[in-house]
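Numbered from 1 within each chain, the chains take letters A, B, ... in sequence-line order. No experiment lies behind these values; they were computed from the predicted model shown.
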Amino acid sequence: MYVIPVRLSAINDILIPALIMLGAALLLGVLIVIVSNIFKVPRNEKKEALMDALPGANCGGCGFPGCEGYADYLLTPGANTSLCSVGGAECAREIATILGTEAVEPEKKIVVLHCQGTRDHTSPRYEYLGTQSCHSAHNLLGGPGSCTYGCLGFGDCVAACAFDALHIKDGIVHVDREKCTACGQCVKACPKKLLKLLPADATVAVRCSNEWPGARTRKVCNIGCIGCKRCVKECSVEAISMNGSLAVIDQSLCVHCGACVAVCPTKAIAELE
Amino acid sequence: MEQMMIILFSAILVDNFVLSKFLGICPFLGVSKNLKTAMGMSAAVVAIMLLASAITWPIQIFLLDPLNIGFLQTLVFILVIAALVQMVETMMKKAMPPLYKALGIYLPLITTNCAVLGVTILNINKAYSFLDAMINSFGAGLGFALALFLFSGVRMRIEKSDIPKALRGLPITLVAASLVSVSFFAFKGLIENIFG
């Protein structure tokens with residue numbers, strides 16, 4: 001038979017401690033209410049409305065630390081209301097309505113990888129066994145690929161993307177246009193500076209960043225720009241210029257005729273998918 | 001003075017709260033992903049440990065012990081610490097917004113953290129004086145910070161390594177945590193040799 005060693009008294013040993021706890025809890029509860037009333041932070045309704053209007057992705061694409069940082073900046077007079085590339089035109093309109101200013105349409109952009117050097121087009125120079133990151137691979141003789149300008153494919157940009165818009169396939173990264181918000185985090189993450197923001201209506205781009213002379217480029221990649229200048233001659237609006245032996249398209253002049261795509265012998269100039 | 005040094009260094013190294021006593025494992029695994037959040041959390045833990053000890057020690061000595069209700073220790077301490085952190089949070093929000101931004105999100109995480117409750121109860125169990133208790137809490141907080149600092153470094157290495165698929169994520173983190181913990185056993189006997 002189980003015997004209780006010490007005789008418990010219902011009042012002294014249970015009720016009183018329970019009442020003490022109840023009293024302490026009530027006291028602290030009241031204290032919290034008093035303290036929170038004294039230290040009340042006045043709510044800024046305009047800021048809260050702005051926070052609701054912003055997408056809340058906290059990607060930093062606007063150049064401020066998160067959506068709250070941008071909301072704080074918007075409250076200063078004369079602030080640029082069209083910096084949020086994630087929310088786009090709709091978000092810019094909403095912000096302008098809240099602030100009572102003229103809506104400014106933000107320029108729509110898209111990220112484009114300036115490299116097409118998949119495994120079929122390039123070859124490895126050495127076997128890389130180090131840390132699986134573009135930055136470390138880049139530091140080891142410019143990476144294991146035959147072209148030291150090309151995409152390394154370890155996905156530093158994929159890790160930086162908050163919108164799941166980048167995916168590695170065949171050793172290079174592919175941009176999902178539907179998901180890309182042009183926040184620019186991947187542009188900062190790429191050690192080769194291969195990802196660039198282009199206007200969303202761009203149809204063609206020189207998808208190569210190799211500045212070597214043509215003969216040397218040909219040896220490392222069969223889809224690189226060899227600097228033949230045929231596109232420069234073909235372009236009717238002189239939108240293409242040469243940077244050493246790499247063609248560069250000025251997107252503000254481009255009329256999207258596609259003539260350069262047709263003449264490019266290596267297919268380095270390609271229509272954007 | 002020597003007594004204080006012994007308490008301080010035992011709390012940091014030999015009796016490290018995370019790696020030797022296995023208290024506060026949840027934030028140890030949760031916020032050690034990068035150095036910035038780890039240091040923010042550590043600063044919050046040091047502050048709350050000091051504050052909680054400063055409040056609970058007098059409660060035990062001047063309230064619970066004389067009234068003979070020492071068995072209510074755990075309940076009262078949890079209640080007091082939770083309420084305390086809540087009040088500190090509201091005050092900080094008003095008085096020091098930058099500090100609130102840096103530590104704010106970590107404070108609610110600590111309210112019922114076992115490392116904080118652990119240090120307050122250990123202070124009483126070891127019969128420390130008020131000053132010793134404060135030194136012990138400070139050392140415990142620093143030890144927590146040290147563990148988080150070391151482990152966030154380890155985790156950043158893990159993140160960049162090619163890990164077998166089956167071990168990715170939590171498994172490799174736990175294995176790494178146990179290895180870091182084993183390394184702290186090397187400090188056993190250190191204090192006796194230095195001060196003894």
Does [X] [atom1] have over 12 foreign heavy atoms under 6.0 Å away?
X        : atom1 : result
A:Glu48  : CD    : yes
B:Phe9   : CZ    : no
A:Lys47  : NZ    : yes
B:Arg157 : CZ    : no
B:Phe130 : CZ    : yes

Drop me the distance from A:Ser36's OG to B:Lys93's NZ, to the nearest 0.5 angstrom.
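Interatomic distance, A:Ser36 OG to B:Lys93 NZ, rounded to 0.5 Å: 10.5 Å.
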
Atom pair CE (B:Met87) and CZ (A:Phe39), whose distance is rounded to the nearest 0.5 Å
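If we round to the nearest 0.5 Å, B:Met87:CE and A:Phe39:CZ are 11.0 Å apart.
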
Name the option with the most non-hydrogen atom pairs under 4.5 Å to chain B; the candidates are A:Ile34, A:Val35, A:Leu129, A:Ile20.
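Greatest number of close heavy-atom pairs with chain B: A:Val35.
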
Side chain, backbone, both or neither: which part of A:Ser133 has an atom under 4.5 Å from a heavy atom of chain B?
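The side chain, not the backbone.
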
If the contact rule is any heavy atom under 4.5 Å from chain B, which residues of residues 134-165 of chain A qualify, in numerical order?
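Checking residues 134-165 of chain A against chain B gives no residue, so none.
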
Side chains of residues 63-86 of chain B: which donor-acceptor pairs under 3.5 Å do they make with residues two or more places apart or in other chains?
| unit_1 | atom_1 | unit_2 | atom_2 | d |
| --- | --- | --- | --- | --- |
| B:Asp65 | OD1 | B:Gln60 | NE2 | 2.9 |
| B:Gln73 | NE2 | B:Gln60 | OE1 | 3.4 |

